[in-house]
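Taking it in order: structure first as structure tokens, then the write-up.
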Amino acid sequence: RKEFVDLYVNYVFNESVKKPFEDFRRGFSRGCPTKKWKMFLPGELQTVLEGHVNCDWHWLEKNVKYINYQKSDQTIKNFWNVFHRLPEEKKKMFLAFLSGSDRIPATGLEYFVFYVADPKMEDPDTYYPFTNTCSLILSLPR
């Protein structure tokens, strides 16, 4: 029985995944050449690939640029007031809405710049905020 269990475990955890893992390794090495990623420790590589999970949200406010808005506009003040009161989970949901990812890029929030734009709608009360995730633009009706 022990020999059967050993052989079965070896098959499930090693032999059965050998080909798929080798395919994954080859594809990963094409996009991220071995010489480049071997310089990272495992935790650092994970951060580079996935981004940061913890952040200082005040950096987000410091790096925002405004289009057709001023920092002193009441809409902007209300936005940041509400944002800073949100629980951590909701802030990450906003980040996912804005950028497509709930993770902070590996460079950190200090270098994460996004834009808040006034879409200049005739009746802004009939529109919801929307984003352009590629350009990191939040269109926020007044």
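What you see is a predicted model; the values in this text were computed from it and never measured.
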* Asked: Side chains of Phe114 and Leu60: does their closest heavy-atom pair fall under 4.5 Å?
  -> yes
* **Phe97, CZ: over 12 other non-hydrogen atoms inside 6.0 angstrom** => yes
* **Separation of Ser139 OG from Phe130 CZ (nearest 0.5 Å)** => 3.5 Å
* Asked: Judged by atom type as modelled, is there a donor-acceptor pair below 3.5 Å linking the side chain of Ser99 to the main-chain atoms of Ser101?
  -> yes
* Looking only at non-hydrogen atoms, find the nearest pair between Glu61 and Val64 and report the distance. => O-CG1, 3.2 Å
* Asked: Are Phe79 and Ile137 joined in one hydrophobic group, where the rule is that I, L, V, M, F, W and Y side chains link up if heavy atoms are under 4.5 Å apart?
  -> no
* Structure fact -> side chain to side chain contact (heavy atoms under 4.5 Å, CB included) filter on Lys19, not counting sequence neighbours, yields Asp23
* Nearest 0.5 Å please: distance from the CD atom of Glu15 over to the CG atom of Asn10. => 5.0 Å
* To do: Spell out, as yes or no, whether a donor-acceptor pair under 3.5 Å connects the side chain of Asp73 to the backbone of Gln70.
  => yes
* Does a side-chain heavy-atom distance below 4.5 Å link Leu136 with Phe112? -> yes
* Is the count of non-hydrogen atoms from other residues, nucleotides or ligands lying under 6.0 Å from Arg26 atom CZ greater than 12? -> yes
* Shortest non-hydrogen contact between Lys65 and Val113, atoms and distance -> CG-CG1, 3.7 Å
* To do: Look up atom CG in Leu138 and atom CG in Asp118, then write down how far apart they are to the nearest 0.5 Å.
  => 11.0 Å
* Structure fact -> Closest heavy-atom pair, Leu98 versus Thr131, reported as atoms and distance to 0.1 Å, is CA-CG2, 4.0 Å
* Structure fact -> Heavy-atom nearest pair, Trp57 first then His84, reads O-CE1, 4.0 Å
* Asked: Which atom names give the shortest non-hydrogen contact between Lys77 and Ser72, and what distance separates them?
  -> CE-O, 3.3 Å
* Cation over ring, Lys91 on Phe83, under 6.0 Å and within 45°? -> yes
* Mark yes when over 12 heavy atoms from residues, nucleotides or ligands other than Phe94 sit less than 6.0 Å from its CZ; otherwise mark no. => yes
* Tell me who clusters with Leu7, hydrophobic residues only, linked when side chains sit under 4.5 Å apart either directly or through other members. => none
* Asked: Are side-chain heavy atoms of Met93 and Asp102 found at a separation under 4.5 Å?
  -> no
* Asked: Is the NZ atom of Lys62 crowded by more than 12 outside heavy atoms at less than 6.0 Å?
  -> yes
* To do: Can you establish whether the number of heavy atoms outside Gln74 located under 6.0 Å from its atom CD is more than 12?
  => yes
* State plainly whether one hydrophobic cluster holds both Tyr115 and Trp59, where clusters connect Ile, Leu, Val, Met, Phe, Trp and Tyr through side-chain heavy atoms under 4.5 angstrom apart. => no
* Flag side-chain contact, heavy atom, 4.5 Å: Ile76 against Val116 -> yes
* Roughly how far, to the nearest 0.5 Å, is the CZ atom of Arg30 from the CZ atom of Arg25? -> 10.5 Å
* If only atom types and distance count, is the side chain of Thr126 paired as donor or acceptor with the main-chain N or O of Asp123 below 3.5 Å? -> yes
* Asked: Can you find a heavy atom in the side chain of Phe4 that is under 4.5 Å from one in the side chain of Val9?
  -> no
* Determine whether more than 12 heavy atoms belonging to other residues, nucleotides or ligands lie under 6.0 Å from atom CD of Glu22. => yes
* Is it true that Lys92 and Glu89 have a side-chain N and a carboxylate O under 4.0 angstrom from each other? -> no
* To do: Taking all heavy atoms of Tyr69 and all of Pro141, pick out the closest pair and write down the distance.
  => OH-C, 3.6 Å
* Do Thr75 and Leu140 come within less than 4.5 Å of each other through their side chains, counting heavy atoms only? -> yes
